[in-house]
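Just so we're on the same page: letters track the sequence lines, and every chain starts at 1. As the structure is a computational prediction, the values presented were derived from the model and not from experiment.
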Amino acid sequence: MHWADVIALNLSRRGTKHIVSTGITPSGEFHIGHLREILTGEMISRAAKDAGLEVDFIFIVDDADPLRRVYPFLDEEYSKYIGHQIGNIPAPNAEGKPDYERFNENGWNYADHFLNPFLDALKTIGVRPRIVKNLESYSSGMFSECSKIACDNADKIREIIERVSGRELSDSWFPWSPLDSSGSLEGVTVTGYDFPLVHFIDSKGNKGSSDITKGEGKLPWRIDWPAKWAWIGVTCEAFGKDHGASGGSYDTGKEICQLFGYDAPQPLVYEWISLKGKGAMSSSSGNTIGPMEALELVPPEILRFLIAESKPSKAIEFDAGMSLVNLADEYERSCARDLTLELSDESLSRRRKVQLEDLMGAVRLSSIERNSKSDSSNVSFRHLALLAQTKSNDQLVWDSLGLNSSNPPSSILIDRLEKMRTWIESPHFPEEMRIKIIKQAPVEMLQNFSDDEKLVLANLTEMLENCSWDLDTIASCIVDSAKSIEKSPRLAYGVSYICLMGAKKGPRLAPILVELNQQEIVNQFRLCLENVN
RNA sequence: GGGCCUGUAGCUUAGUCAGGUAGAGCGACGGACUCUUAAUCCGUCGGUCGCGGGUUCGAACCCCGUCAGGCCCGCCA
């Protein structure tokens, strides 16, 4: 059974109504690592719906979190906002400076600045969660009840965190972080509690009080999280392995949640996505691929497939080079198979059955719209990469695929071709996929030619020189150059590939040659002929 | 120091919860085809399941130890 279906099955044992939650702090540019958080949750939701459950899928935006430091993409001016809640400070402009104008005019804040493009990207991959903003939730009193319980039971919470995480909390620790008069959560020391007020002294020695029912501060993360579960009614949440480690925030949250009179949600821990050969994704080192950038290259259903086919516990190494080709082709191959039919075979081993079920689940969860047929283009990535490189315009590609006005290309295929062209232009496109005629064939390969191959090369050179330069003629020249000495055309193709591309195999030749200059090609063959002996 | 996750064919991996002769895809190799293009079709090769012990009639799976990579135990999501 697919991993998402396994979770759905567990959920069905707990009840029929569920709230599946995900959450991210928009403290900087999103990257595809964040996509795993959202997609994992979305796939669980979809699987749960498929299992007949009623599901609400939400995305909690942690815009109540403070700005931790001045990130490399920010101007030094942001240092004054350290400790301030990211939903309450201006967004950076192109130079990384705070954009006061937009902030004052229409409230364009730091969190939204990073969040909104991500939400757009989510739309294109078929993810439309209900958005819950933390800052709003605090100020509208959604956290009030849990905040009161937390403050009333500060000792119990302290005990749980110290025992479960094994770390010691300072004497001044309190389960509420008040905002000081300047709007900062940092350097504030709690001095007393008298519901609904938490009294404090800030870093400059100013005293003040924070009303916990009005969002004049927030719960620290380890309490904030279980409080969300409780007030929202979260029954399932997928989270990164950092939270999932034993003694981590899920473990403490699970117990703290009980104080709120709520059972912790069904957990699912997922691994990180890293960039192949470059280690973990990190915005500061520039070692990152944003969801938007990824979606320019990768068709959305294939990005989904990447997440769907990997078990959450497996680390994913993302790579926009050859791995992408293989991934996309595997998706196409899988779509083309009739997995239901294959599964109906009684003689299948249990193992084989499980494999087919998982694959079927992955394909099902990869389609952009739930319950739609798989978003297959029926053309392999490899094939499309060739067409995009050898055909100068889209119409020629459709012609080659046998598509015309009565049998037009699908919107998926049109989208694929557009992305393919972007990809080919990008530095991510793998060299081994790039079609290019080399200037000089490797002499070593030429000198290993058999007598037959030499003969074919001589034939071919002469035939190409004298033929008319069109598709059919070129093709028959190649075939005939071998047939004339009663050899398989394969031999002639092999010879041609070595001379033109330095490899034993290659893409179908005639359509490529016809785009090139006849005399240059002939000259190249002639040059090879001189080198064979 | 304490804990968690991962380690299976060249690559990606399934199988580990419920122990029963190691499964798959890709690649590679061989063959067919050159009449939709690195395609397609057919076939072959490929694994001491990180390592060492233990339990068992039987271990990739359970137990103990060990090595390697990653993560958490810093209010950090």
Whole angstroms only, please: what is the [atom1]-[atom2] distance between [X] and [N]?
X	N	atom1	atom2	answer
Lys133(A)	A77(B)	NZ	C1'	18 Å
Leu384(A)	U36(B)	CG	P	18 Å
Phe429(A)	A38(B)	CZ	P	13 Å
Leu359(A)	U12(B)	CG	C1'	13 Å
Trp229(A)	A77(B)	CH2	C1'	13 Å
Gln355(A)	G25(B)	CD	C1'	9 Å
Leu513(A)	U34(B)	CG	C1'	14 Å

Nearest-angstrom distance, C1' atom, G10(B) to C5(B): 26 Å
Using a 4.0 Å heavy-atom cut-off across all strands, classify [X] as base, sugar-phosphate, or nothing.
X	answer
Asp62(A)	sugar-phosphate
Asp65(A)	sugar-phosphate
Trp173(A)	base
Leu387(A)	base

Please report whether the ring centroid of Phe114(A) lies less than 6.0 Å from that of Phe30(A). no
Ring centre gap for Phe381(A) and Trp423(A) strictly below 6.0 Å: yes
For residues 383-403 of chain A, the ring-ring contact (aromatic ring centres under 6.0 Å, His included) pairs (sequence neighbours left out) are none
Between Ser184(A) and Ser182(A): side-chain donor-acceptor atoms closer than 3.5 Å: no
With a 3.5 angstrom cut-off on both distances, give the Watson-Crick or G-U wobble partner of A39(B), or none if there isn't one. none
Any chance you could lay out the side-chain contact (heavy atoms from CB on, under 4.5 Å) test for Asn326(A) and Arg382(A), step after step, and finish with the verdict? CA-CA 9 Å; Asn326(A) 293 329; Arg382(A) 285 194 142 83; 3.6 Å; yes
For Leu74(A), give me all partners under side chain to side chain contact (heavy atoms under 4.5 Å, CB included), at least two apart in sequence or on another chain. Leu67(A), Val70(A), Tyr71(A), Tyr78(A), Pro92(A), Tyr110(A)
Which distance, rounded to the nearest 0.5 Å, do you find between the CG of Asp65(A) and the CD of Gln85(A)? 8.0 Å
Show each protein N/O and nucleotides 3-5 of chain B N/O combination with a separation under 3.5 Å, one pair to a line.
| residue | atom | partner | partner atom | Å |
| --- | --- | --- | --- | --- |
| G3(B) | O2' | Ser246(A) | OG | 2.3 |

For nucleotides 26-29 of chain B, list the nitrogen or oxygen atoms of the protein found under 3.5 Å from its nitrogen or oxygen atoms, one pair per line.
none

So, using side chain to side chain donor-acceptor pair (under 3.5 Å) as the criterion, who are the partners of Asn109(A) when residues are at least two apart? Asp112(A)
Beyond-backbone contact of Ser323(A) with Leu327(A), side-chain heavy atoms, under 4.5 angstrom: no
Give me, pair by pair, the N or O atoms of the protein and of nucleotides 15-18 of chain B that are less than 3.5 Å apart, along with how far apart they are.
| residue | atom | partner | partner atom | Å |
| --- | --- | --- | --- | --- |
| G15(B) | OP2 | Lys311(A) | NZ | 2.7 |

Measure from the side chain of His383(A), starting at C-beta and using heavy atoms only, and say which of U34(B), U37(B), G70(B) lies closest. U37(B)
